[in-house]
Amino acid sequence: MAIQLNHISTFNSKLEKQPKPPLPTTKRRPALQVNAVSSSNNARQLIQSQAIRAIQPKEAVAAINSDGFTLLDIRPVWETEKARVKGSLNVPLFIEDKDNGPLTLLKKWVHFGYIGLWTGQYFTTMNPDFLLRVEEVVPDKDSKLLVACGEGLRSIMAATKLYEGGYKNLGWLAGGFNRSGDEDFPEVEGTEKLQYATIGGASYYFLQLLIFLQSVGKSN
């Protein structure tokens, strides 16, 4: 019986010395991806709950003139130089990335090949002073702000940041200026139509050709 117990004791000690299998790990999303998903979900919730009011381009002038909204254009300067609504405020959410480090230069080259050459858009980075600049031009956080951009994506990001920064009377130009018609914003400054201000690069010349062909077709 003693021999049997000794064998059992020796067997147990060997089991304890054997390496334990690793515990299963949960695959984590990269922090940037998690933040992007969280921001998108938050923006959707704010629109659905009407904490941020979605305003169509055809309703924008009425919202400005009758409801007391101020138009906040968050497009970069190279877009607002082409076309902007008279009397609007401009604080860009994205600014040109002027970092010339090796990694950034590589990113700029890839961006130019895939996007910049076709659209004329610069390689940009988030404006770290966005909220601060808005607070400088609109210090009263009870003010009504209609946040707008070209296609509506950047402006919903901006509106979410403003909401989190204490601005609670916010509107979002649904679909952006690209969805607007010539009659939606009667007072426009600049050399281009408001709905075409985001278009640059090679696509700009295709657009001009298309406009020319349409005008020829109408004259005939």
Side-chain angles (χ1 to χ4, degrees), residues 43 47 52-96 115-116 118-122 124 126-127 129-131 133-140 143-162 167 169-219:
I47 293 294
I52 296 176
R53 175 182 163 190
I55 298 174
Q56 299 297 326
K58 62 183 179 181
E59 302 168 347
V61 171
I64 294 169
N65 295 337
S66 301
D67 298 342
F69 278 89
T70 297
L71 185 63
L72 177 63
D73 189 339
I74 59 90
R75 294 176 301 155
V77 64
W78 54 86
E79 291 184 26
T80 57
E81 284 177 345
K82 293 179 182 178
R84 60 198 171 277
V85 177
K86 185 177 181 180
S88 61
L89 304 176
N90 177 235
V91 180
L93 179 64
F94 289 93
I95 56 177
E96 183 180 359
I115 301 173
W118 176 251
T119 67
Q121 291 289 337
Y122 291 86
T124 60
M126 186 79 73
N127 181 359
D129 299 323
F130 173 72
L131 183 58
R133 294 292 172 261
V134 174
E135 289 173 340
E136 289 176 353
V137 295
V138 188
D140 183 5
S143 301
K144 293 182 177 180
L145 293 176
L146 174 55
V147 189
C149 69
E151 55 292 296
L153 300 177
R154 294 169 293 180
S155 53
I156 191 57
M157 291 175 61
T160 303
K161 282 183 174 292
L162 291 171
Y167 290 89
N169 293 318
L170 295 169
W172 167 59
L173 188 68
F177 293 126
N178 292 4
R179 295 281 185 91
S180 65
D182 293 341
E183 67 284 353
D184 291 338
F185 295 95
E187 294 188 271
V188 177
E189 300 174 329
T191 58
E192 302 290 341
K193 287 189 175 184
L194 194 59
Q195 57 267 43
Y196 299 151
T198 58
I199 302 173
S203 58
Y204 173 79
Y205 296 100
F206 282 98
L207 173 65
Q208 295 302 315
L209 177 60
L210 178 62
I211 293 172
F212 172 74
L213 292 175
Q214 286 178 339
S215 64
V216 170
K218 288 179 181 178
S219 63

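L93 places a side-chain heavy atom less than 4.5 Å from the side chain of M157. By the 4.5 Å heavy-atom criterion applied to side chains, V147 and L162 are counted as neighbours. Looking at V134 and L72, their side chains come closer than 4.5 Å, going by heavy atoms from C-beta outward. In this structure, the side chains of T70 and K144 stay at 4.5 Å or more apart for every pair of heavy atoms. When side chains are defined from C-beta on, I95 does not count as touching P76, because their heavy atoms never get closer than 4.5 Å.
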Show, in sequence, the C-alpha distance, side-chain angles and deciding distance for V138 and L145, and conclude whether the side chain to side chain contact (heavy atoms under 4.5 Å, CB included) test is met. CA-CA 9 Å; V138 188; L145 293 176; 4.0 Å; yes
Working note: E79 + R154, criterion salt bridge (Lys or Arg N to Asp or Glu O under 4.0 Å); need CA distance, chi angles, decisive distance, verdict. CA-CA 13 Å; E79 291 184 26; R154 294 169 293 180; 3.1 Å; yes
One pair to check against side chain to side chain contact (heavy atoms under 4.5 Å, CB included): L173 and Q56. What are the steps and the verdict? CA-CA 6 Å; L173 188 68; Q56 299 297 326; over 6 Å; no
After noting the C-alpha distance and the side-chain angles of V91 and V137, does the key distance pass the side chain to side chain contact (heavy atoms under 4.5 Å, CB included) rule? CA-CA 9 Å; V91 180; V137 295; 4.1 Å; yes
Tell me, with the steps shown, if I55 and L146 meet side chain to side chain contact (heavy atoms under 4.5 Å, CB included). CA-CA 8 Å; I55 298 174; L146 174 55; 3.8 Å; yes
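Of the possible donor and acceptor atoms, none in the side chain of Y167 sits under 3.5 Å from a partner among the backbone N and O of A159. Under a 3.5 Å cut-off, the side chain of W172 and the backbone N or O of A148 do not form any donor-acceptor pair. Checking side-chain atoms of D184 against main-chain N and O of G181 turns up a donor-acceptor pair under 3.5 Å. Side-chain N or O atoms of S66 include none that pairs as donor or acceptor with a backbone N or O of A63 at under 3.5 Å. Remark: side-chain polar atoms of N90 are paired, donor with acceptor, to backbone N or O of R75 under 3.5 angstrom. Within the 3.5 Å criterion, the main-chain N or O of F69 finds no donor-acceptor partner in the side chain of D67. A donor-acceptor distance shorter than 3.5 angstrom exists from the side chain of N127 to the backbone of P92, with no hydrogens or angles considered. A donor-acceptor pair is defined here as one N or O able to donate and one able to accept, closer than 3.5 Å; no such pair exists between the side chain of R133 and the backbone of D129.
A centroid separation of less than 6.0 Å is found between the aromatic rings of F185 and F177.
Separating the CG atom in L71 from the CD1 atom in I64 is a distance of 4.5 Å, to the nearest 0.5 Å. Atom CG of L194 and atom CG of N178 lie 8.5 Å apart (nearest 0.5 Å). Taken from CG in L89 to CD in E136, the straight-line distance is 12.5 Å, to the nearest 0.5 Å. Once rounded to the nearest 0.5 Å, the distance linking OG of S88 with CD1 of I74 reads 12.0 Å.
Residues E189 and R84 are paired through a salt bridge, judged by an N-O separation under 4.0 Å between the basic side chain and the carboxylate.
When all heavy atoms of A83 and A197 are compared, the closest pair comes out as CB-CB, 4.1 Å.
Residue pairs meeting the salt bridge (Lys or Arg N to Asp or Glu O under 4.0 Å) criterion with at least one partner in residues 171-183, sequence neighbours excluded, are D182-K193.
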